[in-house]
Amino acid sequence: MSKEDAWWRDAVIYQIYPRSFRDANGDGEGDLAGIIEGLPYVASLGVDAIWLSPIYRSPNNDGFYDVADPRDIDPLFGTLADAELLIKEAHECGLKVIFDIIPNHFSSAHVWFQAALAAEASSPERARFHFYDGKGENGELPPNNWNSLFTGSAWSRTDDGQYYLHLFDSSQPDLNWDNPEVHADFEKTLHFWLGRGIDGFRIDVSHGLVKENILVDHRDPDLLTKALRIDTKDVTAEQRAELLSDMPFFDRDGVHEIYRAWRKIFNGYKNRMTVGEAFVYPTSRLAHYVRPDELHQIFNFDFLLIEWNAEKIRESASRVISELSTVGAPPTWALNNHDSPRLVSRLGSVKKARALALLTAALPGSLYIYQGEELGLPDGDMPLSARRDPIALRSQGADLGRDGCRVPLPWDEHAENFGFTSGSPWLPQMAGYGDYAIASEVRDPESSLNFYKRTLKIRHDHPALGGEGSITFLDTKPGILGFTRVPGLIVFANTTDEQALIPIEAQSLLHQSGDGVSFAADLLTLPAHTTVWLQR
Ligand code: BGC
């Protein structure tokens with residue numbers, strides 16, 4: 001495989017959350033014209049590709065992950081012509097383009113679901129989804145006891161008394177992948193966008209398509225729901241392992257047939273890729289999704305939550321790298337995304353966030369950066385009345401959901417709404433966001449933005465970085481992580497509160513996440529919470 005064919009194996013991919021990136025038409029919501037305006041900025045970061053969260057026609061009950069027409073653009077974002085222009089302009093800026101695809105469910109506004117509601121039980125229209133009669137004397141109980149991941153039952157009742165399955169919001173009915181019509185429709189969607197020149201797809205809930213034993217109750221649905229929250233603290237590691245390794249609706253073996261068929265479609269185009277979103281246990285099962293005839297990449301969720309702890313980082317990184325190497329797939333690294341807390345807020349420290357970002361950028365494989373991460377942007381906060389996430393709404397604020405990491409980007413500290421929109425932003429921006437505005441960070445040589453740019457530039461130019469070359473972890477003192485990459489790169493990270501003295505012959509300093517790194521008498525002084533890249 002040539003370097004160009006395999007561009008995705010070590011690519012740096014910038015995730016754009018379109019509603020919050022940049023608004024060109026003043027309606028308070030980001031749009032495709034705004035993304036086009038922002039492309040030179042994205043290209044200036046030194047990334048290889050952009051991944052856009054969904055922009056398809058949708059009633060927007062779940063941030064556009066409830067798709068009413070996967071082959072059309074939502075008017076809020078623009079038109080199909082705008083999408084085609086975006087693909088062209090991104091390519092001209094040297095950026096590949098990845099779209100989201102959402103095969104687990106449609107929106108209840110999709111014509112198929114509307115037709116299913118209008119049709120009878122056991123009709124072909126209902127067979128595209130999971131419709132069942134209820135249990136109990138008058139069918140008053142749902143067909144099983146599964147919970148929605150967004151709280152409440154995973155079943156909603158229709159006017160004629162049947163129930164339909166939705167693992168997420170009631171407006172996101174799950175598709176029935178036992179039905180060949182579902183396969184055919186998604187294959188049409190893949191060709192539709194691949195033919196328009198996109199370079200790949202991020203596959204939403206890629207482990208969820210196949211369900212088994214739908215009419216059987218789960219032994220402990222509430223505990224399972226807790227175990228499925230990626231940041232859960234309510235279940236022990238043993239409980240989680242036990243519950244997640246045998247789920248009726250996630251990670252069923254049948255799902256791999258679907259990706260084998262999709263891979264054949266991708267192979268019919270040049271240099272395209274897929275990345276699956278899958279939350280599976282044990283993590284060794286992630287490798288099944290990236291066998292040579294299935295997907296190209298799979299997200300590794302460990303780093304979304306990883307603690308700033310040398311031993312935990314080493315355990316996770318070495319495990320993921322070795323598990324994926326069994327099938328020849330590159331690892332992927334993401335420190336935050338539109339579903340998880342922002343890095344700086346999660347670690348509670350800019351210093352730690354930079355140190356973790358620098359360490360992660362030196363690992364082999366592909367790196368994902370979530371818009372605003374490069375600015376060191378913290379999560380926003382807002383009252384329940386301003387929140388839009390169905391998780392917050394369905395739980396009435398018991399769970400505040402994911403709006404905090406979706407607050408619109410600040411572009412210019414002096415402009416109205418920090419230059420995001422001339423209208424009223426769909427989520428409130430925080431007063432302090434001006435400190436993180438792109439324009440001000442561009443000017444400040446010490447800004448997080450310039451730190452990320454330097455990091456990506458060195459990662460791009462250095463022969464040991466990027467790529468998938470081997471990594472060797474070093475024996476280090478507790479709290480210190482060390483590894484080498486060939487040729488000639490040594491990385492140390494100090495995750496403790498104390499300065500560390502590391503015996504090592506003087507090396508040249510390539511890059512550092514904070515001040516105060518020095519050498520004297522074959523000792524490296526590494527300040528607390530700092531990562532350093534050294535050249536041997
Ligand atoms: C997406 C979420 C979305 C869910 C349902 C995911 O994993 O990343 O944002 O709410 O799928 O589509």
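These numbers come from a predicted model, not from an experiment.
Inspection of the His183 and Trp177 side chains reveals no N or O donor paired with an N or O acceptor under 3.5 Å. A donor atom on one side chain and an acceptor atom on the other are not found under 3.5 Å apart for Asp222 and Thr225. Side-chain atoms of Thr158 and Asp160 include a donor-acceptor pair closer than 3.5 Å. If you check the side chains of Asn337 and Gln15, you find no donor sitting under 3.5 Å from an acceptor. With 3.5 Å as the limit, one finds a donor-acceptor pair spanning the side chains of Thr283 and Arg319. At a cut-off of 3.5 Å, with distance as the only test, a side-chain donor of Tyr65 or Asp100 sits close to an acceptor on the other residue. Using modelled atom types and a 3.5 Å distance limit, the side chains of Lys211 and Asn104 yield a donor-acceptor pair. Side-chain contact of Ser366 with Gln297: a donor-acceptor pair under 3.5 Å is present, judged by distance alone. A donor and an acceptor atom, one from each side chain of Arg126 and Gln162, are located under 3.5 Å apart. With 3.5 Å as the limit, one finds a donor-acceptor pair spanning the side chains of Glu373 and Asn336. In summary, the side chains of Tyr259 and His288 do not present any donor paired with an acceptor at a separation below 3.5 Å, with no hydrogens or angles considered. In the model, Asp302 has a side-chain atom that pairs as donor or acceptor with a side-chain atom of Ser316 under 3.5 Å. Neither side chain, Asn309 nor Thr495, offers a donor N or O lying under 3.5 Å from an acceptor on the other.
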Between Trp262 and Phe201, is a ring pair (Phe, Tyr, Trp, His ring centres under 6.0 Å) present by the stated rule, with each step listed?
CA-CA 11 Å; Trp262 284 21; Phe201 283 105; 7.6 Å; no

Derivation and outcome, ring pair (Phe, Tyr, Trp, His ring centres under 6.0 Å), residues Tyr56 and Phe77
CA-CA 8 Å; Tyr56 312 117; Phe77 294 118; 9.4 Å; no

For the pair Thr151 and Ile391, evaluate side chain to side chain contact (heavy atoms under 4.5 Å, CB included) and give the outcome as yes or no after the intermediate values.
CA-CA 7 Å; Thr151 73; Ile391 294 185; 5.8 Å; no

For ring pair (Phe, Tyr, Trp, His ring centres under 6.0 Å), just list the numbers for Phe250 and Phe279, CA-CA rounded to whole Å, side-chain angles, deciding distance to a tenth of an Å, and then say yes or no.
CA-CA 8 Å; Phe250 280 163; Phe279 184 45; 8.1 Å; no

Passes ring pair (Phe, Tyr, Trp, His ring centres under 6.0 Å), Phe113 versus Phe131? Steps please.
CA-CA 11 Å; Phe113 194 74; Phe131 275 89; 5.8 Å; yes

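Remark: Glu120 CD is loosely packed, at most 12 non-hydrogen atoms of other residues, nucleotides or ligands lying under 6.0 Å away. At most 12 heavy atoms of other shown residues, nucleotides or ligands fall within 6.0 angstrom of atom CD in Gln396.
How far CD1 of Ile13 is from CG of Leu95: 11.0 Å, rounded to the nearest 0.5 Å. With rounding to the nearest 0.5 Å, the separation of OG1 in Thr360 from CD1 in Ile306 is 9.0 Å. Lys312 contributes atom NZ, which lies 3.5 Å from atom CD of Glu307 (distance to the nearest 0.5 angstrom). Between atom OG of residue Ser245 and atom CZ of residue Arg285 there is a gap of 9.0 Å, rounded to the nearest 0.5 Å. Separation of atoms OG (Ser440) and CG (Leu375) is listed at 8.5 Å; rounding is to 0.5 Å. Considering CD1 of Ile16 and CD1 of Ile369, their distance stands at 12.0 Å, rounded to 0.5 Å.
Remark: side-chain polar atoms of Asp72 are not paired, donor with acceptor, to backbone N or O of Arg57 under 3.5 angstrom. Judged purely by atom type and a 3.5 angstrom limit, Glu441 uses its side chain to pair as donor or acceptor with the backbone of Leu449. Distance alone, capped at 3.5 Å, places no donor-acceptor pair between the Asp74 side chain and the Ile55 backbone. In this structure, the side chain of Thr274 engages the main chain of His296 through a donor-acceptor pair within 3.5 Å. Listed for the Ser424 side chain is no donor-acceptor partner under 3.5 Å among the backbone atoms of Gly28. Side chain of Asn417 to main chain of Phe420: no donor-acceptor pair is present (N/O by atom type, distance under 3.5 Å, no hydrogens or angles). Between the side chain of Gln429 and the backbone N or O of Pro408 there is at least one donor-acceptor pair closer than 3.5 Å. In this structure, Arg346 contributes its side chain and Leu304 its backbone to a donor-acceptor pair below 3.5 Å. Between the side chain of Asp82 and the backbone N or O of Leu32 there is no donor-acceptor pair closer than 3.5 Å. A donor-acceptor pair under 3.5 Å links the side-chain atoms of Asp31 to the main chain of Ala24, judged by distance alone.
Asp381 and Arg387 are joined by a salt bridge, as a carboxylate oxygen and a charged side-chain nitrogen come within less than 4.0 angstrom of each other. Using a 4.0 Å cut-off between a side-chain N of Lys or Arg and a carboxylate O of Asp or Glu, Glu242 and Arg219 qualify as a salt bridge. A salt bridge between Lys226 and Asp220 is absent, with no side-chain N of the basic residue lying under 4.0 Å from a carboxylate O of the acidic one.
A heavy-atom distance below 4.5 Å is not found between the side chains of Leu175 and His130. In this structure, Ile203 and Val275 have side chains that are not in contact, with every pair of non-hydrogen atoms separated by 4.5 Å or more. Inter-residue side-chain proximity for Phe249 and His207 is flagged as unmet; no heavy-atom pair is nearer than 4.5 Å. Within the 4.5 Å cutoff, the side chain of Leu286 has no heavy atoms near those of the Val320 side chain. Under the 4.5 Å side-chain criterion, counting only non-hydrogen atoms from C-beta, Pro221 is not in contact with Trp146. Residues His105 and Asp169 fail the side-chain proximity criterion, which asks for heavy atoms closer than 4.5 Å. Under the 4.5 Å side-chain criterion, counting only non-hydrogen atoms from C-beta, Leu347 is not in contact with His529. When side chains are defined from C-beta on, Ser20 counts as touching Gln371, because their heavy atoms get closer than 4.5 Å.
Between Phe106 and His110, the ring planes are parallel. Angles under 30° get that label, and only those over 60° would be called perpendicular. Under the 30°/60° scheme for interplanar angles, the aromatic rings of Trp155 and Tyr163 are found to stand perpendicular.
For the pair Arg394 and Phe150, the cation does not sit on the ring face, since its NZ or CZ is not both under 6.0 Å from the ring centre and inside 45° of the axis. A cation-pi arrangement is absent between Arg388 and Trp426 under the rule of less than 6.0 angstrom and at most 45 degrees off the ring axis. A cation-pi geometry, defined here as NZ or CZ lying under 6.0 Å from the six-membered ring centre and within 45° of its normal, does not hold between Arg71 and Trp193.
If you run side-chain hydrogen bond (donor to acceptor under 3.5 Å, both in side chains) between His166 and each of Ser148, Ser156, Ser171, only Ser156 comes through. When the options Tyr370, Trp333, Trp308 are evaluated for a ring-ring contact (aromatic ring centres under 6.0 Å, His included) with Phe303, the one that passes is Trp333. Here the rule is side chain to side chain contact (heavy atoms under 4.5 Å, CB included) with Cys405, and of Asp379, Leu377, Asp339, Asp389 only Asp379 fits it.
If you look at Trp51 and Phe299, their ring centroids are closer than 6.0 Å. The aromatic ring centroids of Tyr164 and Tyr132 lie 6.0 Å or more from each other.
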